[in-house]
Amino acid sequence: MSASDERIPHFIREIIREDNRTGKWEGRVVTRFPPEPNGYLHIGHAKSICLNFGMALEFGGVCHLRFDDTNPTREEDEYVRSIIEDVRWLGFDWGDHLYYASDYFGLMFDHAVALIRKGFAYVDDQTSEQIREARGTLTKPGRESPYRNRSIDENLDLFERMKAGEFPDGSKVLRAKIDMAASNINLRDPVMYRILHAAHHRTGDAWCVYPMYDWAHGLEDSIERVTHSICTLEFEDHRPLYDWFLDKLEIYHPQQIEFARLNLAFTVMSKRKLLQLVREGRVSGWDDPRMPTLSGMRRRGYTPESIRNFAEMIGVAKRDSLVDMSMLEYCVREHLNKSAPRAMAVLDPLRVVITNYPEGRSEELDCINNPEDPAEGTRRVPFGRELYIEQEDFREDPPPKFHRLSPGREVRLRYAYFITCRDVVKDADGRVVELRCTYDPETHGGDSPDGRKVKGTLHWVSAAHAADAEVRLYDRLFTVPDPASETDWLAHLNPRSLEVVTAKIEPCLKDVSPGYRCQFERKGYFCADPDSRPDRPVFNRTVTLRDTWAKIEGKMNR
RNA sequence: UGGGGCGUCGCCAAGCGGGAAGGCACGGGGUUUUGGUCCCCGCAUCCGGAGGUUCGAAUCCUCCCGCCCCAGCCA
């Protein structure tokens, strides 16, 4: 049974259920996914998206897509486009509820004025260094700013003039007047507004004061009448501040709830690090198939279904965790096994000549497109005297339990015939370059009328009909489970995370369009890459099939 | 050393005073024209540790230990 068939209980679901029972929000459920458009979405965001949209869907509510674009120096339109595309691709719909924090700048400013009037905010002329120095430390309380007790009128005047552009960047900030001795450092008069003479990707030059996260976020939630404001654990310390602003303003007050962000083994999840990989050319871009970004995973061949199922499978809790790659891989395989058509491709070709097959002859054999889905039907695949099989499917000196081809041994070519290896042709260096085999015409289709059994079934491609394809084989991006915890995380990049081979593919694979997903029988799931050209298709390996033989052999060699 | 959070199987994760769910991984068996899929079976006498309360504790109390987050005019 898959994880999606049964809802795993988690504490956020419990909170919402309880709120609905008590009527805390009159039965409304409004969540939001609030990315900052300063990078591409990754699998960690997917967890949050699935949670927020999932809760809304489950409880008949809505989930807003809101760009938290309060810092013009780091945000770009390219990112908002990619985020919209990725959330859609994941399968979620925000209806009309697409919002931008920048649309609230006017309202936020008015609220700040209101807070000043109430005596809860002041303009500080100290430099950022002075502010930092006066903030104190984890164990020492901070000192109050000399500007802390300016009159309300002076604060009002100064704040208006900040907005009017009379002061240079960094010369003044608006601060909340809370408690410089608070044990929670976030409460030591946090900065609400800074002066930034920078063009914003949406508001242009309309503003030169921009709100800080803590001030802005609760307001955004309040304005949109969000009920459950779900965020990650590091904001737990900020909740008192979230609550303080809304309480002092006496406005609609959503509930902030924190959960543990996703960590995936053998990759990194911070936008800063992902950006660095892109900028330094360690990967080909945000959508490099080795990246944990949604665009990368999409290009790699992951399906939205599999990612949603993964999100459900890993659960939602408050403890830090490092999720095993095998869970993600399980989810893609599960979905692709059901949905991906099969085809044959030989990644590491070894020529086979069927000596008793008439020269010049060929025929077409019926192959099942997906044994998991009879509705997918069959296709005709050409067969001839010369074929390619996988190099690893032949062993001159087979180890115990090896069930594939070796001298004198008979195996089945899938959907074709039984063949027996009669001769091995080697080059000057002693490498096996060709196999001379005979086939049994009675076994047409791969069945033996006399009931004789064969231990192995091999995939193959007709040499005369095969096309070449570039196939990109991916491995984990890093060689250590938690690269972010290493002092020099880049030193642990996996030098073998990408291997490119030229494969022999069956004719039906020649003209597939980018994004086409299928299984190369016995090898794994693959997805046609946008780099494909008419004469040269390119495939990305999404994930291998489970490989029991590799496991057995690995154990024997140990 | 201040504050906030968290510790249940190799990895996730339920459990909310009365039989330690489930999934992944792993091991064993069966089916199989993918050593794939599928199907069976196994896998914590134990819940970070030590005390205590209770007829009864992973669940309540106390102390201890460990891990994560916070000193951006980032989010």
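Letters go in sequence order (proteins before strands), and every chain restarts at 1.
- Pairing for B:G42 goes to B:C26, judged as Watson-Crick or G-U wobble with the two contacts each under 3.5 Å.
- Contact annotation for A:E258: no contact, since no heavy-atom pair falls under 4.0 Å across all strands.
- Side-chain nitrogen and oxygen atoms of A:R132 include at least one within less than 4.0 Å of the OP1 or OP2 phosphate oxygen of B:G72.
- The aromatic ring centroids of A:F11 and A:F259 lie 6.0 Å or more from each other.
- Applying the 4.0 Å criterion to OP1 and OP2 of B:G72, one finds that A:R188 has every side-chain N and O outside that range.
- In plain terms, the two heavy atoms of A:S82 and A:Y40 that are nearest each other are CB-CE2, 3.4 Å.
- With rounding to whole Å, A:R319 atom CZ is found 5 Å from B:A13 atom P.
- In terms of phosphate contacts, A:K555 brings a side-chain nitrogen or oxygen within less than 4.0 Å of OP1 or OP2 of B:G27.
- The separation between A:L545 atom CG and B:G35 atom P is 9 Å, rounded to whole Å.
- Spacing of P atoms, B:C67 relative to B:U53, comes out at 32 Å, to the nearest Å.
- What separates CE of A:M327 from C1' of B:G23 is a distance of 7 Å, to the nearest Å.
- Contact between the side-chain N/O atoms of A:T70 and the OP1/OP2 oxygens of B:A75 is found at a separation under 4.0 Å.
- Nucleotides B:C24 and B:G36, compared at atom P, are 16 Å apart to the nearest Å.
- A:K318 has no side-chain polar atom (N or O) that falls below the 4.0 Å cut-off from OP1 or OP2 of B:G7.
- Base contact: A:D237 has a heavy atom under 4.0 Å from a base atom.
- Lacking a ring centre under 5.5 Å from that of the base six-membered ring together with a plane angle below 30°, A:Y213 does not count as stacked on B:A75.
- For the C1' atoms, the distance linking B:A58 with B:G19 amounts to 14 Å, nearest Å.
- Residue A:K551 contributes atom NZ, which lies 12 Å from atom C1' of B:G28 at whole-angstrom precision.
- In terms of phosphate contacts, A:R239 brings no side-chain nitrogen or oxygen within less than 4.0 Å of OP1 or OP2 of B:G3.
- Close to B:U37, at under 4.0 Å from its OP1 or OP2, lies no side-chain N or O of A:R342.
- Across the protein-nucleic acid pair, A:K453 atom NZ and B:U31 atom P stand 10 Å apart, rounded to whole Å.
- In this view, A:E144 and A:R148 satisfy the salt bridge (charged side-chain N to carboxylate O under 4.0 Å, His left out) rule, not counting sequence neighbours.
- Within the nucleic acid shown, A:S128 comes within 4.0 Å of at least one base atom, counting heavy atoms only.
- Residue-level contact check: A:E36 touches the backbone only, with heavy atoms under 4.0 Å from sugar-phosphate atoms and none from bases.
- B:G72 has its base syn relative to the sugar, with a glycosidic angle deviating from 0 by at most 90°.
- Across all strands shown, nothing is found opposite B:U1 as a Watson-Crick or G-U wobble partner with both distances under 3.5 Å.
- Side-chain contact of A:S229 with A:Q256: a donor-acceptor pair under 3.5 Å is absent, judged by distance alone.
- Phosphate proximity of B:G72 to A:R135: present, with a side-chain N or O under 4.0 Å from OP1 or OP2.
- Comparing the same atom, C1', in B:A50 and in B:C65 gives a spacing of 10 Å after rounding to whole Å.
- Relative ring orientation between A:F105 and A:H200 is described as perpendicular, the plane-to-plane angle rising above 60° on a 0-90° scale split at 30° and 60°.
- Between the P atoms of B:G22 and B:C39, the separation comes to 16 Å (whole Å).
- Distance noted for atom C1' between B:C11 and B:A25: 7 Å (whole Å).
- No donor-acceptor pair closer than 3.5 Å links the side chain of A:D348 to the backbone N or O of A:E390.
- Proximity of A:R522 to the phosphate of B:G36: no side-chain N or O atom is located under 4.0 Å from OP1 or OP2.
- Using C1' as the reference atom, B:A21 and B:C16 are 15 Å apart when rounded to the nearest Å.
- One interatomic measurement links the two molecules: CG of A:N370 to C1' of B:G36, which rounds to 11 Å at whole-angstrom precision.
- Taking atom CD on A:E372 and atom P on B:U32, their separation rounds to 15 Å, with Å as the unit.
- Both distances falling under 3.5 Å, in either a Watson-Crick or a G-U wobble arrangement, place B:G7 opposite B:C65.
- Side-chain N/O atoms of A:T548 include one lying less than 4.0 angstrom from OP1 or OP2 on B:G36.
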